[in-house]
J.: 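Below you will find the structure I want to go over with you.
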There are 2 protein chains.
Amino acid sequence: MTTRKKSRTLCTDPEWLGRADCRHCGIRHMMLFSEFQGSDFDHILEPIDNLRYAENSLLYNQGDDDNKVYSIRSGFIKLVQSQRDGSLRIVRLLGPGAIFGIEALLDMPYRHTVIALAELDVCRIYTATLKHLEKEKPRLNEKVMAHWEQHLAFADRWISELSSGSVRSRTLKLLSFLAELNGDGSDTIRFFGYEDMASMIGSSREAFSRIVAELKNEGVLVKTDDSQIYRFLHTDGNTTD
Amino acid sequence: MTTRKKSRTLCTDPEWLGRADCRHCGIRHMMLFSEFQGSDFDHILEPIDNLRYAENSLLYNQGDDDNKVYSIRSGFIKLVQSQRDGSLRIVRLLGPGAIFGIEALLDMPYRHTVIALAELDVCRIYTATLKHLEKEKPRLNEKVMAHWEQHLAFADRWISELSSGSVRSRTLKLLSFLAELNGDGSDTIRFFGYEDMASMIGSSREAFSRIVAELKNEGVLVKTDDSQIYRFLHTDGNTTD
DNA sequence: CGTCCGCTTGAATAGTGTCAAGGTGGGTGG
DNA sequence: CCACCCACCTTGACACTATTCAAGCGGACG
C-alpha cells in the first residue's frame with residue numbers, strides 16, 4: 001500500500017556540535033540524565049556526542065547494528081518499519097525528550113529506520129557507557145524503563161487511535177496527537193509532509209488531503225502566518241467520526 | 001481438555017492453584033525466573049500465586065491500579081484498549097512465556113483491559129516482590145527489559161502488519177502471527193472468536209469472515225479434525241494482495 | 001428437539017485507493 | 001526582480017473494497 005517512490009535523497013552526515021555537556025544542558029529536566037551530578041560524567045568510557053541532523057537525514061536503518069542510544073534535544077523523527085513485501089509504515093513519531101534506539105541496550109539490531117522530520121538536535125551515547133552509568137545509579141535504570149513504557153504507551157495509542165476507524169477519525173486523532181507534541185497544551189500543529197502524515201495513519205496521501213481540506217472548510221483547522229503551522233480547534237465533544 | 005464453554009458474561013473469579021513453586025516449574029526456561037536458585041525465593045515478602053482463569057475471564061480493567069505483574073504459563077490473553085468514544089481495539093495477543101501488567105512496576109495503572117481468550121494459567125507476583133528480587137539479581141532486570149522490548153516489537157508489528165493494507169493482507173498476516181504462537185514452527189492455527197480476530201486487524205467481523213471463506217476455498221486454510229484448529233498453508237511468496 | 005449464539009452470505013451503500021491532471025508556493029538562476 | 005522549475009499539494013473520476021443491515025444457517029447444549 002504505502003509503496004510509493006522515495007522522492008528525496010536522504011543526506012546522512014550530521015554536524016558535530018561537540019561533546020555533550022550534560023551538566024549545563026538547558027533542557028536537562030526532560031533528558032535522560034536529569035539527576036546526575038557533574039562528577040558522574042568524569043570517568044565515562046566513551047564520549048557523549050551532540051549532533052545536528054538536517055531535515056530528511058537518515059540516522060540509521062532497520063537492521064543496523066550499532067550500539068548507540070539517542071536522545072532528542074529538539075526536532076522530530078519518524079520510526080519507519082518496512083516489511084518484506086516492500087511496504088512501509090511510520091510506527092512512531094518522537095520529539096524533544098524522547099530517546100530512541102533503546103533496543104541497542106539489549107545488543108539487538110535497530111528495529112526501525114529512523115529519519116529526521118525536521119532539523120534535529122540529538123545526543124548520542126554508547127550503550128556501554130549507559131550500562132556503566134546504570135550500574136552506578138540504579139535510579140537511571142528506572143528512568144530507562146519509564147522511557148520504554150512511554151514508547152509502549154505511544155505504540156498502543158498508535159494502534160487504537162491512528163490505526164482504527166475511518167480515515168477521518170484517524171486524521172482527527174493524528175492532529176490531536178501532533179498538538180500534544182507541543183507539550184504546553186497549545187493548539188498549534190506543525191504539519192509535516194502529507195506523504196508522511198498519511199503513512200502515520202496508514203492511508204493514502206489523497207485521502208488524507210481530502211480530509212484536511214474538509215477540516216479547513218469546517219473551520220477546525222485554521223491557517224496561521226507560518227504556512228506550516230495550523231491552529232487546531234477540536235471540540236473534544238466527539239464528532240461522530 | 002477440549003471442553004470449552006463460551007460464556008458471554010465475563011466471570012472474574014480465578015481458581016487458586018496454590019503458591020507458585022518456581023524451583024520445580026516445568027516451563028522455567030521460558031518464564032521470568034529461569035535462572036534463579038531455590039534460595040532466592042526463601043525471603044520474598046509476598047507470595048507468588050498460581051491462578052487459573054476460565055475462558056473469557058476478565059483479569060483486570062484498563063485504569064485499575066493493582067500492583068501485580070503476571071506471567072503466562074499456558075493459554076492466551078488479549079489486551080484491549082478502549083477510547084473515550086467507546087471504540088475498542090485489541091492491541092496485543094499474548095501467549096505462554098509472556099508477561100503482562102509490567103506498567104505496574106512503574107506504579108502506573110494498567111493501560112489495558114485484559115481478558116483470557118482460552119483457559120489461562122498464570123503466575124501473579126507483587127511488584128514489591130519483583131523489585132526486591134531485582135535488587136538481589138541485576139540479571140533479572142535485563143530479563144524484564146527484554147520482555148519490555150518484546151512487547152514493543154509485537155506492538156510495532158501489530159501496527160505495520162496488522163493495521164496496514166487491505167483486509168486480505170492483514171488477515172494473512174494475522175494468520176501467520178497466530179501460527180507463530182505455536183513456537184514450534186508448525187502451521188496449525190487455533191481460531192479464536194471471529195469478533196476478536198476482526199478486532200485484531202481492525203475490521204468488521206463480516207469482512208474477516210469473507211476473507212477466511214476465500215482462503216478456505218483457495219486451499220490456504222484447511223480444516224482439521226478439531227473444529228477450532230486449521231492448517232495454514234501460506235506460500236510465503238506474496239501474492240500481490 | 002428446540003434454543004441460542006456465533007458464523008455465513010447477500011445486497012445496498014458509503015468509504016477509500018488509484019490514476020491522472022492541474023494548481024501552488026518557495027527557491028534558484030538569469 | 002522576475003520567470004521558471006520542481007516538489008508537493010489538490011481535485012476529479014472511477015473502480016474496488018469494506019461496512020452495515022438483515023436474513024439464514026448450523027453446531028453446541030440443555
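The sequence lines fix the lettering, A, B, ..., with proteins before strands; numbering per chain opens at 1.
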J.: What bend angle does the helix from dC1(C)-dG30(D) to dG30(C)-dC1(D) show across its length, from five-pair end axes and to the nearest 10 degrees?
T.: 30°
J.: Output the rounded distance in Å from CD (Glu195(A)) to P (dG17(C)).
T.: 12 Å
J.: If you compare every side-chain N and O of Ser204(B) against the phosphate oxygens of dA18(D) (OP1, OP2), does one of them come in below 4.0 Å?
T.: no
J.: Less than 4.0 angstrom from a charged side-chain N to a carboxylate O is my criterion; do Glu180(A) and Arg157(A) meet it?
T.: yes
J.: If you assign each of Glu206(B) and Ile211(B) to its closest nucleotide in DNA chain D, which residue comes earlier from the 5' end?
T.: Ile211(B)
J.: Write down the distance between CD (Glu55(A)) and P (dG26(C)), rounded to a whole number of angstrom.
T.: 15 Å
J.: Are the side chain of Trp158(B) and the backbone N or O of Ile90(B) linked by a donor-acceptor pair below 3.5 Å?
T.: yes
J.: Nearest-Å distance, CZ (Phe208(A)) to P (dT10(D))?
T.: 9 Å
J.: Take Glu55(A) and Lys78(A) through the salt bridge (Lys or Arg N to Asp or Glu O under 4.0 Å) test and state the conclusion after the steps.
T.: CA-CA 11 Å; Glu55(A) 191 170 343; Lys78(A) 59 177 172 183; over 6 Å; no
J.: Between P on dG6(C) and CE on Met197(B), what's the gap in Å once rounded to a whole number?
T.: 14 Å
J.: Tyr230(B) has an atom OH; how far is it from atom P of dC7(C), in whole Å?
T.: 11 Å
J.: Can you see whether Thr224(B) engages Asp226(B) through a side-chain donor-acceptor pair at a distance of less than 3.5 angstrom?
T.: no
J.: Could you list by number each residue of residues 214-226 of chain A showing a heavy-atom separation from DNA chain D of less than 4.0 Å, or answer none if no residue does?
T.: Lys216(A)
J.: For Gln62(B) and Ser82(B), does a side-chain donor sit closer than 3.5 Å to a side-chain acceptor?
T.: yes
J.: Nearest to the side chain of Arg205(A), heavy atoms from C-beta on, is which of dA18(D), dC9(D), dT9(C)?
T.: dC9(D)
J.: Rounded to the nearest Å, what distance is computed from the CZ atom of residue Arg168(A) to the P atom of nucleotide dG17(C)?
T.: 16 Å
J.: Is there side-chain contact between Trp148(B) and Ile99(B), with at least one heavy-atom pair below 4.5 Å?
T.: no
J.: Mind calculating the distance between CZ (Arg170(A)) and P (dT19(D)) to the nearest angstrom?
T.: 10 Å
J.: Would you indicate, yes or no, if dC9(D) has its OP1 or OP2 atom less than 4.0 angstrom from a side-chain nitrogen or oxygen of Ser209(A)?
T.: no
J.: Has Tyr194(A) got a side-chain N or O lying under 4.0 Å from the OP1 or OP2 atom of dA7(D)?
T.: no
J.: Could you tell me the separation between the CZ atom of Arg210(B) and the P atom of dG24(D), rounded to a whole number of Å?
T.: 16 Å
J.: Inspect the contact between Glu15(B) and Arg52(B) and indicate whether a charged nitrogen and a carboxylate oxygen are less than 4.0 angstrom apart.
T.: yes
J.: Determine whether the side chains of Ser163(B) and Arg89(B) contain a donor N or O and an acceptor N or O closer than 3.5 Å.
T.: yes
J.: Checking Tyr70(A) now: which residues fulfil ring pair (Phe, Tyr, Trp, His ring centres under 6.0 Å) with it, not counting sequence neighbours?
T.: Tyr60(A), Phe100(A)
